[in-house]
There are 2 protein chains.
Amino acid sequence: MKKIEKQNKFHEVALKLIHEQGFKATTMRDIAKAMNFEVANVYNYIESKQALLENFLFDIAEDFNNGLKTILVSSDSSTKKLRRIIELYCHLPAQKPYQIGLLIAEWRNLKDEKLQKFKDEKKWHEDQIIQLIQDGIDAGELRKCNPYIITKTMLSSFNWLYTEFTLRGEEIDLPELEKQISEFIMDGLKA
Amino acid sequence: MKKIEKQNKFHEVALKLIHEQGFKATTMRDIAKAMNFEVANVYNYIESKQALLENFLFDIAEDFNNGLKTILVSSDSSTKKLRRIIELYCHLPAQKPYQIGLLIAEWRNLKDEKLQKFKDEKKWHEDQIIQLIQDGIDAGELRKCNPYIITKTMLSSFNWLYTEFTLRGEEIDLPELEKQISEFIMDGLKA
DNA sequence: GTCTATAATTCGATAGAC
DNA sequence: GTCTATCGAATTATAGAC
């Protein structure tokens, strides 16, 4: 196995273990065992346990932020932008379920500046969607509602998806899933 | 301070710490320090760290299950039952936000039979609501949809509430919050 | 109930040979 | 890159005096 392949294998194994057991519960020895080598070798692939978590989290957070930015700068209507955001929130768990699992469940294991940076990015992300819904209301596209409550409720509603994809990934009809969720949310918002 | 009061104080302190730091990250020393005594004394109040978690989780799980059962055995329509379930899922986080936090974030720290029992109860709970939505569709009260996807999405959408109540509990207008969420969900489901 | 002391284990990380 | 060996720290839990 080539060096680069083993690097990828390492990250894949570590990601899955942390997803299954949690960050705190996953030891460097667990990862080493799953890689079929000794504990000391773990540090040929990463700086520290903390750095491992940080890399996973900020990688996937960037995917979300980039996806959102692309949508926001488009010239679509608020309604259309909202549909595309729902699409983003369905597709990313389908593509990277384990990373999303960490994003949702393990971010509080970050420390100090990294934790603050994560919280700041998350708030920025939410604020963009709150503003988008407010714009939709002002434009008469969406019914009157509290954009803060609706944004929080909507974003939270996607958080079961990563588990679904890790458990039943092959069986899931993604377009159908997306259609069901999109109809449910948009019907709850349309003017 | 009387014995019973100190018991309550202990559980209150432990619950808040586990909520804030996570179960794995919270040590018996953390709890002892917050109680202003030494580590050994912790075991005057609980059997073990694991038992502490189990008590918290199954207590609040019982609240949910009892609440759901009361609603299900009533003679209300499917729509009315669904509204009452939404009400339950808004009120419990308002009343016991820290317990709900553990229910959502820490259940996977359970072990063996306890973990299995928890998963079984959770599945029963979900299955009841899936069936309720199916009944609502069959009765023509709700529009045609995939009850499994909608149930998962709906139940997940409440999971931000406990955080909101721990951070801004006093400022929150509960009836308004409930109205916003109920309208959002019911509009997304009505026939 | 509270304390001191400690057992028994586990963990993240490093040193140095090959 | 992989190994053996080990350090130093932290953790759950118990024993026994007061």
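Chain naming here is simple, since letters A, B, ... match the order of the sequence lines and numbering starts at 1 in each.
Screening residues 15-28 of chain B for side-chain hydrogen bond (donor to acceptor under 3.5 Å, both in side chains) gives Q21(B)-T26(B), T27(B)-D30(B) as the qualifying pairs, with residues at least two apart or on separate chains.
The CG atom of D30(A) sits 13 Å away from the C1' atom of dG12(C) (whole-angstrom rounding). Here the P atom of nucleotide dA13(C) and the NZ atom of K49(A) are 8 Å apart, to the nearest Å. dC11(C) atom C1' lies 13 Å from atom CD1 of I31(A), rounded to whole Å. Whole-Å rounding puts the E5(A) CD to dG1(D) C1' distance at 16 Å. Regarding Y43(A), its OH atom lies at a distance of 18 Å from the P atom of dG16(C), rounded to whole Å. Remark: P of dA13(C) and CG of L52(A) are 10 Å apart, rounded to the nearest angstrom. Per the geometry, NZ belonging to K33(A) stands 18 Å off P belonging to dT2(D), to the nearest Å. Rounded to an integer number of Å, the gap from E47(B) CD to dT14(D) C1' is 14 Å.
More than 12 heavy atoms of other residues, nucleotides or ligands sit less than 6.0 Å from atom CD of E5(B).
Among the nucleotides dT14(D), dA13(C), dG1(C), the one closest to any side-chain atom of N44(B) is dG1(C). Of the listed nucleotides (dT2(C), dA13(C), dT11(D)), dT11(D) has the atom at the smallest distance from the side chain of T27(B).
Residues from residues 106-118 of chain B with heavy atoms under 4.0 angstrom of DNA chain C: there are none.
Two residues are said to be in side-chain contact when any heavy atoms from C-beta on lie closer than 4.5 Å; L52(B) and Y45(B) fail this criterion.
K49(B) forms a cation-pi arrangement with F23(B), by the criterion of a distance under 6.0 Å to the ring centre and an angle within 45° of the ring axis. Cation-pi geometry between K69(A) and W124(A) is met: the NZ or CZ atom falls under 6.0 Å from the ring centre, inside 45° of the normal. Cation-pi contact between K117(B) and W107(B): absent, since separation from the ring centre below 6.0 Å together with deviation from the ring axis within 45° is not met.
Aromatic ring centres of Y162(A) and Y98(A): separated by at least 6.0 Å.
Under the 3.5 Å distance criterion, the side-chain polar atoms of R143(A) are matched with a main-chain donor or acceptor of G188(A).
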Collect all protein-nucleotide pairs involving nucleotides 3-8 of chain D in which both atoms are nitrogen or oxygen and the distance is under 3.5 Å.
{"from": "dC3(D)", "atom 1": "OP2", "to": "E38(A)", "atom 2": "N", "distance (Å)": "2.7"}
{"from": "dC3(D)", "atom 1": "OP2", "to": "N41(A)", "atom 2": "ND2", "distance (Å)": "2.5"}

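F10(B) comes within 4.0 angstrom of nothing in the nucleic acid, heavy atoms only.
Shown are L92(B), D63(B), L161(B); of these, the side-chain contact (heavy atoms from CB on, under 4.5 Å) with I100(B) is made only by L92(B).
Taking side-chain N and O atoms only, K24(A) has no distance below 4.0 Å to OP1 or OP2 of dG12(C).
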